[in-house]
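Quick notes on the structure that follows.
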Amino acid sequence: MDGETGGSAVRDDGAAMMALIAELYPICRSITGTGLRHTLGILQRLVPLTIHEVPSGTPVLDWTVPQEWSIRAAHISRLDGTRIVDFAAHNLHILQYSRAIDRVVPLEELRGHLHTLPETPDWIPYRTSYYRDTWGFCLTQRQLDAMIDPAYRVVIDASLTDGSLSYGELVIPGATADEVLISCHACHPSLANDNLAGIAVAVMLAQHLMRSPQRLTWRFVFIPGTIGSLTWLARNEAAVGRIRHGLVLSCLGDAGAITYKQSRRGDAGIDRFVAHVLRHSGDPHAIKPFIPYGYDERQYCSPGFNLPVGCFMRTPNGEYPEYHTSADNLALMRPASLEDSLAKLKQIAAIIEGDALYRSRNPKGEPQLGRRGLYRTMGGLSDAGHDEMALLWILNLADGEHSLFAMAERSGLPFAQIRSAADALIAADLLEPVTPA
Amino acid sequence: MDGETGGSAVRDDGAAMMALIAELYPICRSITGTGLRHTLGILQRLVPLTIHEVPSGTPVLDWTVPQEWSIRAAHISRLDGTRIVDFAAHNLHILQYSRAIDRVVPLEELRGHLHTLPETPDWIPYRTSYYRDTWGFCLTQRQLDAMIDPAYRVVIDASLTDGSLSYGELVIPGATADEVLISCHACHPSLANDNLAGIAVAVMLAQHLMRSPQRLTWRFVFIPGTIGSLTWLARNEAAVGRIRHGLVLSCLGDAGAITYKQSRRGDAGIDRFVAHVLRHSGDPHAIKPFIPYGYDERQYCSPGFNLPVGCFMRTPNGEYPEYHTSADNLALMRPASLEDSLAKLKQIAAIIEGDALYRSRNPKGEPQLGRRGLYRTMGGLSDAGHDEMALLWILNLADGEHSLFAMAERSGLPFAQIRSAADALIAADLLEPVTPA
Amino acid sequence: MDGETGGSAVRDDGAAMMALIAELYPICRSITGTGLRHTLGILQRLVPLTIHEVPSGTPVLDWTVPQEWSIRAAHISRLDGTRIVDFAAHNLHILQYSRAIDRVVPLEELRGHLHTLPETPDWIPYRTSYYRDTWGFCLTQRQLDAMIDPAYRVVIDASLTDGSLSYGELVIPGATADEVLISCHACHPSLANDNLAGIAVAVMLAQHLMRSPQRLTWRFVFIPGTIGSLTWLARNEAAVGRIRHGLVLSCLGDAGAITYKQSRRGDAGIDRFVAHVLRHSGDPHAIKPFIPYGYDERQYCSPGFNLPVGCFMRTPNGEYPEYHTSADNLALMRPASLEDSLAKLKQIAAIIEGDALYRSRNPKGEPQLGRRGLYRTMGGLSDAGHDEMALLWILNLADGEHSLFAMAERSGLPFAQIRSAADALIAADLLEPVTPA
């Protein structure tokens with residue numbers, strides 16, 4: 001697609017994304033707070049992100065921006081002082097948004113606050129309780145099985161205070177006000193595929209787009225899930241009408257094939273563009289219809305917005321065993337998967353940028369390509385060459401109603417081939433842009 | 001569906017339908033006359049039917065109400081007086097609308113008036129000749145094979161006289177003038193599946209609907225086939241525009257799976273509602289496109305009316321060997337089939353009554369279900385619960401363009417689940433009805 | 001279809017087409033010149049063709065009518081005078097539109113002007129160079145392999161002079177100005193299937209249509225490929241809007257099954273009519289979507305015209321090994337294939353001519369067919385007869401929106417059966433034509 005995607009450049013991209021994921025992995029993110037802010041600060045090193053702070057208590061649509069949660073320490077100890085579960089050992093040990101506690105708790109009562117995964121006894125689950133006043137720990141089943149004392153000391157040094165919700169936004173201005181929205185949730189602590197992989201791929205995609213002028217304006221948002229997209233939508237309600245295409249990126253580093261979840265519309269441009277790239281890739285892939293469960297596409301595709309936003313993943317949320325557990329870690333990441341996710345997104349971006357309406361300047365009969373050097377001069381052969389077919393398809397369909405993408409779809413040729421044949425026809429003065437009425 | 005459909009109540013329904021079929025079976029019905037009138041009188045005992053009488057000679061569309069046919073006796077005897085075929089033994093022995101005769105007929109001539117089924121030599125066929133002045137007998141092939149005398153005495157004591165065509169009509173008024181039409185033909189003598197089964201199921205469905213207030217007005221008609229629906233249409237021409245949905249019921253008691261024949265439109269609400277119920281039933285079933293041959297849907301779906309009326313059957317007319325023979329008798333009836341036919345019709349009725357347009361009161365982003373007690377409070381789990389998915393689907397699709405039925409179809413959830421989730425959202429003030437412009 | 005298509009008449013047609021192909025085969029046609037003119041003269045003997053002459057240099061759309069190419073002699077000889085390749089032996093030996101030459105050419109240089117088919121070493125290829133100033137010979141691979149002398153004498157006695165492009169046009173006037181276009185290319189020398197077969201079938205189809213009055217005006221054009229259709233379009237630009245249906249005919253004599261290439265529209269009447277005839281034929285066949293490569297449909301279907309013109313073939317161009325070689329000769333022709341091609345085209349013509357909109361005069365309920373002698377009088381049988389179903393379908397669909405063809409498609413019955421049932425209903429005063437508003 002672009003000149004830099006040779007083998008070693010791609011491998012460099014993979015290594016860069018792995019390094020970013022590794023750097024971000026240890027941070028304890030949540031939907032507010034220092035971990036999220038720290039994460040956005042690291043991204044700012046790589047792309048010129050604007051960080052927005054929205055005060056606690058701000059009404060956003062049907063919701064309210066919550067207080068900031070600060071977690072300093074959390075552990076469960078035997079009464080002799082031995083720590084048996086310690087937040088310092090793993091970010092996932094604490095139920096997110098737990099309130100403070102410091103007391104001896106009988107095991108019977110404590111059990112109601114402990115979350116494990118009995119079927120994978122060495123993994124710690126990821127659990128949250130943003131909007132309910134409670135506390136809890138997540139631990140391995142083996143840790144729980146070893147807890148046989150009648151009572152334990154439980155300490156959570158956390159606080160909920162007025163502060164703000166942070167999110168990062170990057171706008172890459174294009175020639176037009178039409179926008180493309182790329183959205184990643186950045187609120188998960190120590191989970192790699194969900195969603196450090198999405199964040200890393202998004203950053204590299206942004207860097208790629210910034211290297212050359214774009215036709216559309218590209219807007220990247222790095223937000224806490226649900227409350228972040230609601231906040232962004234509430235603050236940008238007047239502007240969302242400019243969004244022509246959008247993607248939520250998540251789970252882009254595991255070994256699985258690409259899964260694309262369509263927008264609520266199901267037949268939006270983005271839905272067709274992604275399907276085109278996946279079909280022509282020759283790689284296994286899955287395309288799934290929209291359902292109102294998943295990531296922030298739930299909000300972008302709510303009926304009052306109904307934005308053309310799909311969700312681009314490898315193995316989807318909930319469909320890999322490591323999902324929302326301590327096993328969604330760096331070992332699950334595949335550099336080749338990250339590279340492939342990025343490469344396909346660049347191809348999708350090339351369609352978003354390159355699709356346009358053109359009209360043949362010689363719509364009646366075929367123009368004589370031979371005298372313009374665009375056609376073989378020998379007649380009688382059985383087939384047209386591959387590139388000649390692209391020229392013929394464009395001239396046949398350039399009626400002002402078929403976009404280049406529609407031509408690619410109807411001809412069965414990959415978009416890139418149609419795009420370059422169109423450029424040749426434009427250079428030969430045989431094709432002209434259609435300016436919207 | 002409704003509170004009474006517990007196991008024993010269902011079995012009671014089956015027994016009640018069997019009893020009604022058994023009571024009606026011996027009556028010699030035709031498209032006019034005392035048998036039809038007697039039948040309607042029995043139904044009147046069960047539902048408050050109005051019986052209409054339309055005088056012979058009344059023009060109805062392109063047809064004319066025929067004279068009443070009265071059949072008192074009919075037999076074929078050897079010249080020694082031995083009766084070998086006797087209408088008193090089976091109603092089907094007489095060709096319907098035969099004229100009177102009393103003379104000795106040579107076997108050669110008689111053969112032209114005898115109808116048999118050579119492939120099922122113990123069965124008597126059912127034949128009619130409503131609009132041609134002739135006479136005839138239907139008998140078993142074995143009876144015919146035994147007829148070796150050179151001549152027989154033939155007696156038919158029948159008359160055609162001016163009288164009237166009878167049909168029964170039951171209107172269950174609803175909150176709106178929109179109507180649902182349920183039509184059964186009631187003209188067949190001593191045939192159980194076709195159509196005493198349809199009549200029995202219709203009566204029980206009517207009783208069910210009368211037990212609670214309905215939104216639509218339900219109109220049940222019990223009519224002689226063809227001429228009866230033509231007569232009803234001719235007399236109600238101005239009102240048929242109120243019919244929103246309709247079903248012809250027939251052949252609902254045999255052991256076969258449900259077959260639904262679509263309306264002429266093919267995509268009417270009733271076509272989609274029936275398909276939904278059948279799909280979600282998990283039972284084998286068949287959906288067939290409209291053809292202009294069959295029961296009274298031929299008339300309701302004629303181009304000048306084109307009503308949204310399909311035909312709901314188990315094994316269709318002509319597709320079971322006993323069809324239109326003496327073998328379509330009580331032994332062919334299965335109580336469980338009658339119960340299943342009724343249960344599915346109640347589910348279809350529940351969609352007809354329960355489908356409506358609603359609009360989300362929080363269309364921008366998802367409303368916060370948790371603080372309204374409609375959503376689990378723990379985050380991080382892999383799946384939404386089943387009922388939560390119904391809530392999310394409704395909130396996502398309640399844009400004023402998707403009816404509850406459309407939501408059920410798009411979500412893949414059964415209508416009843418969507419309907420009850422919608423009720424929960426209405427109670428939480430999250431959903432409001434769309435009043436038509 | 002018509003009375004004359006009995007077995008022997010069909011065989012006569014096959015023989016007549018074979019004879020015409022054999023007569024035309026030896027002529028050296030090109031896109032201009034005496035061979036083309038001679039061919040059109042022979043066709044004029046069979047149908048009243050008008051021959052148009054368009055001067056060299058005339059601008060036609062983006063092209064210009066070329067000079068006339070005259071070829072008198074062409075040969076390659078050893079320096080001892082032995083002719084080893086001679087145009088007099090086969091028309092295909094000369095690269096079409098070669099310029100004159102008469103000199104000794106070193107083998108090395110000569111090779112660049114020689115065209116062979118290495119994989120079929122006994123076949124001569126067909127090559128052209130209409131719009132580039134060059135020269136060349138086509139020969140068998142065996143001939144080339146035998147050329148081992150260092151140099152050969154090369155003689156081409158040809159000239160390019162101002163003259164005219166010739167094409168033949170036959171108009172069979174119909175009751176309406178609506179037109180059907182049948183187009184054959186007539187520029188190929190000594191190639192039988194491509195396209196003497198198409199020409200022969202077209203001539204017989206024209207003769208068939210001239211035998212009885214037609215509703216539409218049928219226009220047959222016999223033209224040089226590409227430049228001929230461009231010329232015809234340029235000269236008839238104002239009139240092409242009258243074309244309702246069209247077919248390019250080619251490759252209609254080989255042993256393969258029928259292949260129909262759809263018009264650019266894909267859902268034009270002609271596309272559906274041809275598919276109907278092929279489906280009901282029970283014969284193997286293929287229907288392919290439009291691609292902008294092939295015969296003159298490329299021009300008719302260019303975006304500025306977008307005419308409803310498909311291409312009717314047996315084995316398509318480029319898909320049989322003999323295509324554009326000396327093996328596309330009389331031995332490839334099958335009389336039965338020519339007859340079958342013609343028979344199917346007659347059926348297509350019968351739909352084009354016979355399709356129309358009718359309205360039932362009794363749209364409310366079914367009219368009583370029995371008293372009009374159009375329906376069996378005995379009731380109770382399991383099935384309607386086949387012809388009764390055609391009557392019922394027409395009466396059910398004759399709402400002024402379904403044409404007879406739409407009725408044939410919806411009912412699954414062949415058009416001819418619907419057409420004759422419609423005639424019976426018209427005779428019974430039950431059906432009336434819909435006159436367009």
Side-chain angles (χ1 to χ4, degrees), chain A residues 357-404 406-414 417-418 421-422 424-425 428-434, chain C residues 30-31 60-64 66 92 95-97 115 117 125-134 136 138 187-189 191 194 225-227 229-234 237 240 264 266 289-294 296-306 316-321 323-325:
Chain A
L357 270 184
Y358 293 95
R359 191 183 284 118
S360 170
R361 303 192 60 175
N362 296 69
K364 296 192 170 181
E366 293 173 359
Q368 195 174 7
L369 296 178
R371 67 172 152 92
R372 294 174 174 95
L374 289 170
Y375 207 66
R376 64 184 178 203
T377 50
M378 174 70 55
L381 299 165
S382 294
D383 291 311
H386 213 218
D387 289 339
E388 280 173 9
M389 282 311 293
L391 297 172
L392 293 176
W393 271 116
I394 296 170
L395 291 169
N396 186 266
L397 295 176
D399 52 10
E401 292 176 16
H402 291 81
S403 75
L404 292 186
M407 296 178 194
E409 287 288 272
R410 176 148 179 191
S411 69
L413 298 173
Q417 193 180 350
I418 289 287
L425 290 169
D429 227 13
L430 287 170
L431 207 59
E432 62 187 9
V434 174
Chain C
S30 186
I31 55 171
V60 287
L61 304 170
D62 189 55
W63 302 58
T64 305
L92 296 188
L95 174 71
Q96 289 233 332
Y97 267 69
H115 307 279
L117 296 165
Y126 164 60
R127 295 287 178 267
T128 68
S129 185
Y130 304 131
Y131 304 99
R132 193 177 55 133
D133 182 23
T134 186
C138 301
C187 55
H188 283 26
L191 294 170
D194 177 18
T226 303
I227 189 66
S229 49
L230 291 163
T231 300
W232 185 85
L233 284 164
E237 206 170 323
V240 295
R264 180 181 185 270
F290 178 79
I291 62 166
Y293 189 71
D296 290 300
E297 68 278 6
R298 290 166 65 159
Q299 312 310 327
Y300 301 127
C301 296
S302 57
F305 294 113
N306 195 24
N317 51 305
E319 297 188 13
Y320 55 101
Y323 173 74
H324 278 193
T325 77

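Quick caveat: nothing in here was measured; it's all calculated off a predicted structure. Throughout, a chain's letter reflects where its sequence line sits, starting with A, and its residues are numbered from 1. Keep in mind that the numbers below use all heavy atoms, side chains included, and drop hydrogens, waters and symmetry copies.
- The CD atom of Q368(A) sits 7.0 Å away from the OG1 atom of T64(C) when rounded to the nearest 0.5 Å.
- Once rounded to the nearest 0.5 Å, the distance linking OG of S302(C) with CG of L392(A) reads 12.0 Å.
- Within the 4.5 angstrom heavy-atom criterion, only side-chain atoms of L230(C), from C-beta onward, approach chain A.
- The minimum heavy-atom distance linking K364(A) with L61(C) is given by the pair O-CD1, 3.6 Å.
- Note: R264(C) leads E319(C), H324(C), R264(C), H188(C) in heavy-atom pairs under 4.5 Å with chain A.
- With values rounded to the nearest 0.5 angstrom, F290(C) atom CZ is found 6.5 Å from W393(A) atom CH2.
- Applying the side-chain hydrogen bond (donor to acceptor under 3.5 Å, both in side chains) criterion to E401(A), with sequence neighbours excluded, gives no partner residue.
- Per-residue heavy-atom pair counts under 4.5 Å with chain A were compared for Q96(C), R298(C), E237(C), and the maximum is reached by R298(C).
- Residues satisfying the side-chain hydrogen bond (donor to acceptor under 3.5 Å, both in side chains) test with Y358(A), not counting sequence neighbours, are R419(A).
- For L397(A), the parts lying near chain C are the backbone and the side chain together; criterion is any non-hydrogen pair under 4.5 Å.
- Looking only at distances, a side-chain donor or acceptor of N396(A) sits under 3.5 Å from a matching main-chain atom of C301(C).
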Exercise. Before giving the answer on side chain to side chain contact (heavy atoms under 4.5 Å, CB included), spell out for Y131(C) and R371(A) the whole-Å C-alpha distance, their side-chain angles and the decisive distance to 0.1 Å.
Key: CA-CA 8 Å; Y131(C) 304 99; R371(A) 67 172 152 92; over 6 Å; no
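- Chosen from A234(C), P292(C), G304(C), the residue pairing most often with chain A at heavy-atom distances under 4.5 Å is P292(C).
- Salt bridge annotation for R361(A)-D62(C): absent, with no cationic side-chain nitrogen under 4.0 angstrom from a carboxylate oxygen.
- The residue among N317(C), I291(C), L233(C), T134(C) with the most heavy atom pairs within less than 4.5 Å of chain A is I291(C).
- Between the Q299(C) side chain and the E366(A) main chain, a donor and an acceptor come within less than 3.5 Å of each other.
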